[in-house]
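First up is the structure itself, then whatever we jot down about it.
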Amino acid sequence: MTKRKLVTAALPYANGPIHIGHLVEYVQTDIWVRFQRLRQNETLFVCADDTHGTAIMLRARKEGRSEEALIAEMREAHIRDFAGFDILFDNYGSTNSDENRELCGEFWAALRKEGLVVEKSIEQLFDPEAGTFLADRFVRGTCPKCGKQDQAGDNCECGHTYTPADLIDPVSAISGATPEVREAVHLFVELEKLHGFLDEWTQNGKHLQQEVANYLKGHFLGDPLRDWDISRPAPYFGFEIPDAPGNYWYVWFDAPIGYVASTRQWCEANNQSLSDWWLSPDTEIHHFIGKDITYFHTLFWPAMLKVAGYQLPTKIHIHGFLTVGGEKMSKRKGTFIKAETYLNHLNPTYFRYYIAAKLGPRLDDLDLNLDEFVTKVNSDLVGKFVNLASRAAKFVKDTGLSATYPDDGGLFESAAKRGEEIAEAYENCDYARAMRTIMELADKANPYIESKAPWVLKKEPGNEQEIQDVCTVTLNLFRQLAIYLAPVLPRLATQAGELFGESLENWQQSQAPLVGTEINKFKRMLDRVEKESVDKMIADSAAENAAAEAAGAGALASAAQGDDSAEHLEKEPLADECTFDDFMKVDLRVARVVAAEDVPKAKKLLKLTLGLGGDVTKTVFAGIKAAYDPATLVGRKVVMVANLAPRKMKFGVSEGMVIAAGPGGEDVFLLSPDDDAQPGQRVH
RNA sequence: GGGCCAGUAGCUCAGUUGGUUAGAGCAGGGGACUCAUAAUCCCUUUGUCGGGGGUUCGAGUCCCUCCUGGCCUACCA
């Protein structure tokens, strides 16, 4: 008897939209769930929005609305995005639900009962202006060890770690105010009392990937486990702790309980019992998460479940991050792609397949290479797979499939035998292997039809049976592949089912050929990916982010940087890093304005003659007419790019550029060297 | 600093417990076909398997060492 399976994906934080980085995980999980169902395992897939914490509170405050309004809107967007990628949850809950509050109380009571909760007074920085305690990441200041400025609240680039209270000249990133050190009583869970249990559970080789077990052993389990600070004083958006008024459960306490709460919601709607799913040894529990939240899911969460008497996770599947073009996703480069933006340009099937083809069972990051994305999807899905149906279906649209399965030289049979291999790869989350194997099979199907050439047979009468047989084989190979691919490509599985007049919902269907049935008219199943669409998506994505940044000119940034507005840096973010050598290619010189004259027909230009010392002069047409009167420029010193390639302009040749800041028009500001700089001196 | 992982054809990767001339897909080159979404099929080029040392009859595969890269090191996926 197979066990029933409860599957979760990490709860996305209700503070931002879903992007393709998130989607790696949801696609991975969805594939696994669909695979389980295809194998006839009773499977429940739950998720929820993670809604609590300081970040949500601050954002709601900034937007002048309630946290509830914010998270409701975000939840709607998340659900829409997931649906757009064919991610099919049985229940999508929220950590801000009655079910969750109640369950939190239950887990809390269990911790209390075990005597694991202790009170400790700690010093924490408080922002008097914003009226809130500051999480580490909301404090910046000078590193007490190396003296580097503008470092995060808990660690410095130099590698030193500390508490925010140790920072020199700390500044609140929220308001810019100088935080005060305040003492507050927090509640802690004495995790060390569960050390033995956690040692066994993490190291027994059953529940975690080996490298994760090693990581925990090396980082945490080698020393006594620290007490876990599990409460936050008001103001905090979350659940107030019933027996500690004025204190709230830390978001990471109630978030994983959200898995249970979402399950409960589903149970209540479907007349099921929660205990069958979370308290029964007959149910496997599988969590899919990203490696950044390993710690919470592999130490705290098992500890909480253990203490509360719940079933422990069967397996925690941890994946790496998504990079694009080998780099971290970048808003500026447009590679920080929101789900919505992707869907405006591309079919989700492409993404699901590409991600599946790259996902292995380990924690390696996986890279979205946009050129590879296009060629892989087109070549594998359209060229190899869909093409089979596309080229064979029309020959049998009147006759249907042969009544008995013809001799195909063992093609179907051997591909059927490899089904278990593919299934095992899916089971182990080694989708890359599964996709490789499937494509290997597809690579045998096209040569088959090619060698039989029904389009040639058709030219001579009397070949009807052979044509039908050849197409019966080809379409059955296609159907078999469609079943193998169904967890990844649900839409194609549906379309394939329609072609055959059946529903492809059981892995076993891949093991026996379909014969003697009609074939419906072939409808185009998948368009090729156009590189132009990908490019447009990237461009859109970059534009959105630029607009968003400009609009939301952050209180965060401006406050931490004194009175200067962050606006300019946001409008024009820093360029790509360049090397010293790159920089030295640009020859900047101090120059004196020897002559400046108006160019009557030009709207923006002034003609400048710049002296570099001695007799050397350069003529430069500068777009500063609206900002400067030529007469006032003569004699002053400026900085120019002296080795710029000459450029022919309407009014003459410009031999360089003067350096100025500002967006243009009247807002142009020439840079001047300090008084003693001499024309001709290089700037570097 | 500590830890984990990786380094195999231009690119993405596969190479099971060490065993014959190291593989696939894509890209490149040549040809064929025309049923199919310029899809498909056939043929084809390319590798000091990161460097060095060692174990062995035999190493991409084990050991040592060095180099390079990625990631993690208590709340962004």
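Naming convention: chains lettered A, B, ... in sequence-line order (proteins, then strands); numbering from 1 in each chain. Quick caveat: nothing in here was measured; it's all calculated off a predicted structure.
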Handout entry: Aromatic centroids of A:Phe85 and A:Tyr342 separated by under 6.0 Å
Key = yes
Handout entry: Ring center gap for A:Trp228 and A:His186 short of 6.0 angstrom
Key = no
Round to the nearest Å and state the distance from [X] atom [atom1] to [N] atom [atom2].
X	N	atom1	atom2	answer
A:Asn378	B:U37	CG	P	14 Å
A:Arg362	B:C13	CZ	P	12 Å
A:Met435	B:A14	CE	C1'	15 Å

Say you pick atom [atom1] in [N] and the same atom in [M]; how far apart are they, in whole Å?
N	M	atom1	result
B:U21	B:C49	P	15 Å
B:G60	B:U16	P	12 Å
B:G10	B:U45	C1'	12 Å

Exercise for the section: Just call it for A:Val24: base, sugar-phosphate, or nothing, with non-hydrogen atoms closer than 4.0 Å on any strand. Expected result: nothing
Exercise for the section: Look at all strands and tell whether A:Asn387 reaches a base, only sugar-phosphate, or nothing, counting heavy atoms closer than 4.0 Å. Expected result: base
Exercise for the section: Would you mind reporting whether A:Glu190 and A:Glu192 have side-chain heavy atoms less than 4.5 Å apart? Expected result: no
[N] phosphate, OP1 or OP2, under 4.0 Å from [X] side-chain N/O:
X	N	value
A:Arg528	B:A39	yes
A:Lys376	B:A24	no
A:Arg433	B:U16	no
A:Lys384	B:A39	no

Exercise for the section: Identify the heavy atoms of A:Ser231 and A:Leu187 that sit nearest to each other, and give their distance. Expected result: OG-N, 2.8 Å
Exercise for the section: Provide the Watson-Crick or G-U wobble partner of B:C41, both distances under 3.5 Å; none if there is no partner. Expected result: B:G31
